[in-house]
Structures are given as structure tokens and as C-alpha cells.
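Remember, it's 1-based here, ligands and their atoms both numbered in the order they're listed.
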Amino acid sequence: MELIRSSDRPGHGAAVDFRRTTLRGIASSPLVRSCGSKGLLLDATAGLGGDSFLLAAAGFTVTSVERSPLVAAVLRDGLNRAAASKSLAAIVGRIELREGDACALIKATPNEWSVIYLDPMYPAKRGSALAAKPIRLVRGAVGPDSDSDSLFRAAAAAACARIVVKRPHHAPTLYPNPDLVFESKLARYDTYFREGKSLSEYARARHTHP
Ligand SMILES: C[S@@+](CC[C@H](N)C(=O)[O-])C[C@H]1O[C@@H](n2cnc3c(N)ncnc32)[C@H](O)[C@@H]1O
């Protein structure tokens with residue numbers, strides 16, 4: 001199964017094939033370091049599951065939520081194929097995919113997660129190099145995720161230990177003053193430690209102690 005534009009030939013879209021993913025150095029990657037110690041992690045913006053897979057390979061137990069039925073179907077297809085593969089089954093066995101809105105799930109299960117990970121779609125920067133084809137196809141299918149602010153607010157009201165937001169280098173923070181920022185070549189991981197505070201307490205604390 002692949003995500004494809006109607007003008008493209010079959011086989012030239014974006015399919016999920018985890019056999020192609022390189023896992024060397026994953027434990028020390030900015031993605032994994034930003035998410036901290038291994039616990040129950042909610043990937044609230046699953047997309048085609050690349051980050052969920054890397055986090056599961058690093059030992060996290062991952063619940064991946066995707067609200068686009070098209071994108072979720074392509075991801076489920078890739079997960080099913082990986083589950084039938086000897087070398088990948090143990091990794092994808094740590095991923096549970098749920099189709100739906102992550103805001104609603106977080107509000108219904110606020111005490112369940114140790115880490116909430118957000119990678120909302122960000123508009124392409126004018127004049128920048130063309131994004132990789134899978135990203136362009138997902139963006140074409142789902143649009144710009146202009147409600148990512150409310151997703152952050154839902155995460156901040158939950159009892160998780162940390163929230164991690166992946167952003168392109170050129171994008172502003174989704175919420176001011178991350179406690180730590182991990183940088184990779186293509187993205188930053190803005191990391192917020194919750195310490196049990198609600199968003200309003202959190203905002204006040206960040207404001208008082210910038
Ligand atoms: C940039 S992509 C994520 C890419 C992903 N991290 C990966 O490695 O493939 C963002 C995805 O999040 C999904 N999304 C955005 N807001 C969401 C929400 N509130 N609930 C569920 N999915 C959401 C979008 O439909 C889109 O597929």
C-alpha cells in the first residue's frame with residue numbers, strides 16, 4: 001500500500017518499509033536522547049511511523065496516533081509486513097497504532113504516558129530545498145497541522161514527565177523556553193520537563209524563571 005498522487009505511476013508513492021531504516025547509533029541520536037529513559041511513549045503525530053519505529057528500536061513502548069485515515073492505513077500496512085519479518089517483529093511489537101485524534105486520546109488518558117512526542121507538519125520554508133517525497137505526499141494528504149498549539153496544550157495538561165516537540169531548524173518553538181534542545185542535522189527536539197505542573201503553572205514557572 002502506498003500514498004500516491006493520482007498523476008504518479010504505481011510504485012512511485014510513499015510506502016512504509018522499515019527494512020530500509022538504519023538503526024546504527026540510534027541510542028545516542030538526538031531523537032532518543034530527547035525522549036529520556038524508556039517508558040510508555042505517546043507519538044501523537046505518527047505520520048508514516050519513522051520516528052515511532054526508531055523509538056521502539058531504542059526500547060520505548062510506543063503508542064502511535066494518526067488522525068488521517070489514509071496515512072494511518074499506509075502505516076498499518078507497513079507495520080503488518082514488519083510484524084511478519086523475523087528481524088523486525090520484536091521492534092514493531094512495541095508499537096501500537098491507533099487511528100484518531102491524539103488530543104482526544106490524551107484528554108481521555110492523561111496519566112498514562114511518561115513521554116509525549118509531537119512532530120506536527122510544518123509549512124515548507126520558501127526557497128528551501130524540496131522536502132523528501134514521503135514528506136511532500138503526507139503534507140499533500142493532511143495539510144499544515146495548523147492546530148498543533150492545541151495538541152501541545154493537551155500534552156501540557158497531562159501528567160507526563162516530558163514533552164518533546166520536533167521542529168525544523170527554521171521554525172519557532174511551539175511553546176517558549178524549552179528546558180533542553182537536542183539538535184540533529186535536519187531538526188531540533190525542543191524538550192520540556194513537566195515536573196507534574198499543569199500548563200498554566202508551567203507557563204508561570206517558565207515566566208518567573210526564564
Ligand atoms: C510531520 S508528520 C509526522 C511524521 C512522523 N514523525 C514520522 O516520523 O513519519 C505529522 C503527522 O501528524 C498527524 N497529526 C497531526 N495532528 C494530529 C492529531 N491531533 N492527532 C493525530 N494525528 C495528528 C498528521 O496527520 C501527520 O500525518
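- Nearest-residue assignment for atom 17 (C) of ligand 1 (options R67, M121, K166, R98; heavy-atom criterion): R67.
- Counting heavy atoms under 4.0 Å from ligand 1, residue P134 does not touch it at all.
- At least one heavy atom of A46 sits under 4.0 Å from some atom of ligand 1.
- Counting heavy atoms under 4.0 Å from ligand 1, residue T45 touches it through both backbone and side chain.
- Of all heavy-atom pairs between G47 and L75, the closest is O-CD2, 3.5 Å.
- Ring geometry, F152 versus Y192: the interplanar angle exceeds 60°, so the pair is classed perpendicular (tilted spans 30 to 60°).
- Under the 4.0 Å criterion applied to side-chain N and carboxylate O atoms, R139 and D145 are not assigned as salt-bridge partners.
- By the criterion of a heavy-atom distance under 4.0 Å, both the backbone and the side chain of D119 are placed next to ligand 1.
- Only the side chain of V138 comes within 4.0 Å of ligand 1, counting heavy atoms alone; its backbone N, CA, C and O stay farther away.
- With respect to atom 20 (N) of ligand 1, the closest heavy atom belonging to the protein is A102 N, 2.8 Å.
- Backbone and side-chain nitrogen or oxygen atoms of D51 are examined, and one is located within less than 3.5 angstrom of a nitrogen or oxygen of ligand 1.
- Protein heavy atom closest to atom 11 (C) of ligand 1, with residue, atom name and distance, is E66 OE1, 3.6 Å.
- Residue A141 places every heavy atom at 4.0 Å or more from ligand 1.
- For R188, the salt bridge (charged side-chain N to carboxylate O under 4.0 Å, His left out) test picks out D190, with sequence neighbours left out.
- In the hydrophobic clustering of this structure, L48 groups with M121; members are Ile, Leu, Val, Met, Phe, Trp, Tyr whose side-chain heavy atoms approach within less than 4.5 Å, directly or through other members.
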CA sep, side-chain torsions, deciding dist, call: D147, R67, salt bridge (charged side-chain N to carboxylate O under 4.0 Å, His left out): CA-CA 13 Å; D147 59 348; R67 66 180 167 188; 2.8 Å; yes
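- Inspection of the E183 and H169 side chains reveals an N or O donor paired with an N or O acceptor under 3.5 Å.
- When only interatomic distances are considered, the shortest N/O to N/O separation between D101 and ligand 1 falls below 3.5 Å.
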